[in-house]
Amino acid sequence: MTGDRILLAMNGMDRDLWARLLAGKRPVAFEPDAADDPSIRFAVVWKHRPRVLEKLPNLKVIFSAGAGVDHLANDPGLPDVPIVRVIDPNLTQHMVDYVVWRVTDHHRQGMFYRAQQAERRWHEADQPVSGAVSVGIMGLGNLGRAAARALLAVGYKVNGWSRSERQVEGVTCFAGEAGLTPFLNATDILVVLLPYTAATHGIIDHALLARLRRDNGLGGACLINAGRGKLQKGADILRALDDGTLKEASLDVFEEEPLPADSPFWSHRQVFVTPHAAAASDPAHLTGPMLAQMDAFDRGEPLRDLVDRNAGY
Ligand SMILES: NC(=O)c1ccc[n+]([C@@H]2O[C@H](COP(=O)([O-])OP(=O)(O)OC[C@H]3O[C@@H](n4cnc5c(N)ncnc54)[C@H](OP(=O)(O)O)[C@@H]3O)[C@@H](O)[C@H]2O)c1
């Protein structure tokens, strides 16, 4: 072993808090101070500066500080070492909470009733029972499967779409290009929990939204995106809302973040905006498992939660 320091190369996360939580167990160094430090074998990164990791001669493992790893694609000099990503019950539960909140709000006409309350109007809208509503989840990974289980427990019908064939108890599963249209045709509320990759770039466009089921007891199709902003074409979503293809949308992520002050999404009465807040990485929950993985690696044991670099997630 050449050394034992962890490099923290982070932007947009509280680096000092991460350092405090890690430093009790292993010494920590910061980028750019430790630019070519041979004692660094592990790097914990979030939106790091490109080409800094390739200078570390003894880097063995990269830990993404979040569940998504699309931020790593910005580094053309990413070393060819294993990449571990976040799979954490606390983060997963936050996402499940967000999805259940947004699905039930769209289903129970939350936007309609909030607007009606502002006008002091008393009118009961049609409200089908959950068992008559189909929620379709794009991305049946760690987060998508957990959301599916929670939605099934509430009473919804749940469809799921993934790259490879999946079997999830109670969920009607579709896969690949051939499965996309039947999946969308059977979905009233679409929940996007895909990773952002070359294959999913801009996938949520007008043509995709037009394939959702609109002839339902909800008065139209709804979209919830808590994956990544670049999965969607914002202009297409606005067009779909305005021409009736889409009834409402809950968007946690945007092509440009923070959402610019002049974005039409802010004031659109059929859109609910949250600031990429569905499920944040909490270092209090993440550093322990990361340190445990480093210890396991040092004992020669296999790493868990590895990224498939070819697939990009
Ligand atoms: N908004 C937030 O606060 C927040 C927080 C955390 C994460 N996220 C986002 O949520 C994403 C999902 O996280 P996760 O942990 O559930 O990921 P995951 O476990 O890697 O699951 C990804 C799922 O997407 C599917 N998929 C990937 N590419 C596809 C394609 N081209 N066509 C069809 N399906 C495809 C995968 O299919 P297979 O099953 O066949 O592999 C898998 O089911 C993350 O990548 C991140 O971007 C957002």
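When reading the values below, keep in mind they use all heavy atoms of this one structure, side chains included, and skip hydrogens, waters and symmetry mates. What you see is a predicted model; the values in this text were computed from it and never measured. Indexing begins at 1, ligand by ligand and atom by atom, following the structure's order.
The aromatic rings of His201 and Tyr196 sit tilted, their planes meeting at an angle between 30° and 60°.
Among protein heavy atoms, the minimum distance from atom 46 (C) of ligand 1 is reached at Arg228 NH1, 3.6 Å. Here the heavy atom of the protein found nearest to atom 7 (C) of ligand 1 is Leu143 CD1, 3.5 Å. Among protein heavy atoms, atom 28 (N) of ligand 1 sits closest to Tyr313 CE2, 3.7 Å. The shortest contact between atom 37 (O) of ligand 1 and any protein heavy atom is with Arg163 N, 3.2 Å.
Centroid-to-centroid, the aromatic rings of His276 and Phe254 stay 6.0 Å apart or farther. Proximity of the aromatic rings of Phe63 and Trp18 is defined here by a centroid distance below 6.0 angstrom, and this criterion is not met.
The distance from ligand 1 to the heavy atoms of Ala67 drops below 4.0 Å at these ligand atoms: 6 (C), 7 (C). Close approach of ligand 1 to Met95 is summarised as follows: ligand atoms under 4.0 Å from at least one heavy atom of the residue are 1 (N), 2 (C), 4 (C), 5 (C), 48 (C).
With a 4.0 Å heavy-atom cut-off, ligand 1 is reached by the side chain of Arg85 but not by its N, CA, C or O.
Looking at Ala280 next to ligand 1, no N or O pair under 3.5 Å apart turns up.
With Asp308, Thr200, Asp305, Leu180 as candidates, the residue nearest to atom 30 (C) of ligand 1 on a non-hydrogen basis is Thr200.
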